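All chains are named by letter (A, B, ...) in the order of the sequence lines, taking the proteins before the strands, and each is independently numbered beginning at 1. Predicted model, so just to flag it, every value in this text is computed and none were measured.
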Protein chains: 2
Amino acid sequence: MKVSSKGEYALRALLLLGNHPGKVLGIQEISDKTMVSVHYLEQLLLQLKKLGYVTSKRGAKGGYMLHKGPEGINIGEVIRDLEGPLSPMGCASITQYEPCPMEAGCQLKPLWSLVRDTIAFVLERTTLEDLLQNRINKLEGEDFVVIKRPS
Amino acid sequence: MKVSSKGEYALRALLLLGNHPGKVLGIQEISDKTMVSVHYLEQLLLQLKKLGYVTSKRGAKGGYMLHKGPEGINIGEVIRDLEGPLSPMGCASITQYEPCPMEAGCQLKPLWSLVRDTIAFVLERTTLEDLLQNRINKLEGEDFVVIKRPS
DNA sequence: TAAATTCCTATTAAATTGATAGGATTACTT
DNA sequence: AAGTAATCCTATCAATTTAATAGGAATTTA
């Protein structure tokens with residue numbers, strides 16, 4: 001159930017950019033502060049650019065900045081874009097469903113679907129702005145939060 | 001955020017055994033009904049045996065059966081035993097915490113912790129018996145629930 | 001024009017997963 | 001007691017994914 005370092009690194013970079021709104025940050029600086037190698041960051045940022053999350057400025061004094069506002073960057077989407085479906089199994093994926101020969105009468109699929117839904121619930125309701133503002137534990141106060149399952 | 005086929009296959013085998021309580025099932029039969037190769041199943045069942053989930057009977061008419069009752073087999077534990085921590089990142093794992101150089105002031109860790117908690121909430125409260133009885137959607141009506149992080 | 005920096009493609013290394021092979025051991029059956 | 005069927009066990013291999021590396025082309029600033 002891991003998120004790969006690819007996703008982690010990309011989010012670190014997005015967070016850093018979000019923490020310096022309006023500023024163009026060079027890869028070297030991003031590398032220093034995220035502890036990710038310059039070359040690997042290059043690849044990630046290129047991908048994030050193609051996906052529309054960041055823009056770049058080439059040449060001397062060039063670098064990267066966020067393309068959308070942090071409240072418009074959805075963490076679930078970012079992870080999906082970089083790592084594929086949030087679902088633990090293809091058979092339970094909404095965005096990239098994959099059929100399975102055992103699916104009829106499968107006693108596991110309901111569980112995978114539930115896991116998918118809970119993961120998606122958390123990640124799709126979190127934006128970069130939430131992370132920047134440390135707004136993750138907004139569930140504090142209540143022991144349990146009841147969530148309506150999308151029907 | 002994937003569960004590997006290793007975990008899926010092992011759970012298929014456990015479900016099959018649970019569906020035939022008291023019966024000794026040979027690997028060939030398990031292979032037919034789970035669509036997993038005999039040799040790969042062998043490895044998985046061996047591991048499940050060492051972990052205490054199944055017992056085996058050797059020789060002719062040999063095979064496997066559950067060691068514990070289905071209500072004593074916790075799905076979260078099974079997945080952890082086979083695939084490692086449920087947490088999406090080592091820094092948020094309870095059972096196998098791994099420190100991270102960026103951890104101080106990390107704006108991601110709260111999210112990973114929340115994801116870990118929700119996944120663990122679902123999987124640790126599910127037993128093999130729940131799967132056998134199709135009791136996964138027992139939260140139906142209230143739909144489902146995400147737990148707040150234990151403080 | 002020179003220096004700095006992104007852009008882009010290709011390659012390599014490492015880790016994990018899934019599958020395969022083959023023989024040793026055990027137990028049932030006749 | 002012998003033969004056969006099955007688990008047991010270790011070792012290896014293939015495929016995939018992930019992470020890291022390399023090197024040069026293109027662009028912008030100064």
In terms of heavy-atom contacts, Met102(B) and Thr34(A) come closest through SD-O, 3.2 Å
May I have the distance from Glu29(A) (atom CD) to dT6(C) (atom P), rounded to whole angstrom?
11 Å
Return no unless some side-chain N or O of Ser5(A) is found under 4.0 Å from OP1 or OP2 of dT18(D).
no
Taking CG from Leu25(B) and P from dT7(D), how many angstroms apart are they, rounded to a whole number?
10 Å
To the nearest angstrom, how far is Lys6(B) atom NZ from dT16(C) atom C1'?
10 Å
Just the rounded figure in Å: distance from P of dA6(D) to NZ of Lys49(B).
17 Å
From Leu131(A) atom CG to Ile75(A) atom CD1, the distance as rounded to the nearest 0.5 Å:
4.5 Å
Looking across every strand, which nucleic acid part, if any, lies under 4.0 Å from Ile27(A) by heavy atom: base, sugar-phosphate, or nothing?
sugar-phosphate
Let's see if you can work this out: which of dA20(D), dC28(C), dT10(D) has an atom nearest to the side-chain heavy atoms of Tyr40(A)?
dA20(D)
Counting any heavy atom closer than 4.0 Å, what does Glu42(A) reach on the DNA or RNA strands: base, sugar-phosphate only, or nothing?
base
To the nearest Å, how far apart are Leu44(A) CG and dT21(D) P?
13 Å
Gap between atoms CG and C1', on Leu46(B) and dT7(D) respectively (whole Å):
9 Å
Out of dA22(D), dA20(D), dC8(C), whichever nucleotide has its closest atom nearest the side chain of His39(A):
dA22(D)
I want to check one thing: is the phosphate of dC28(C), taken as OP1 and OP2, less than 4.0 Å away from some side-chain N or O of Lys57(B)?
yes
Minimum-distance nucleotide to Lys61(A) side chain [options: dT29(D), dT28(D), dT18(D)]:
dT29(D)
Ile30(A) CD1 to dT5(C) C1', in whole Å, measures 12 Å
Nearest 0.5 Å please: distance from the CZ atom of Arg135(A) over to the CD atom of Glu129(A).
5.0 Å
Residue whose nearest DNA chain C nucleotide is more 5′ - Lys50(A) or Glu83(B)
Lys50(A)
Answer whether the closest heavy-atom distance between the side chains of Trp112(B) and Leu11(A) falls below 4.5 Å.
yes
Whole angstroms only, please: what is the CD-P distance between Gln47(A) and dT6(C)?
17 Å
Among dT18(D), dC9(D), dA24(C), the one nearest any side-chain atom of Arg58(B) is dA24(C)
Could you check whether Arg80(B) pairs with Glu124(B) (Lys NZ or Arg NE/NH1/NH2 to Asp/Glu carboxylate O, under 4.0 Å)?
yes
Given dA19(D), dA10(C), dT28(D), which nucleotide is nearest the side-chain atoms of Gln43(A)?
dA10(C)
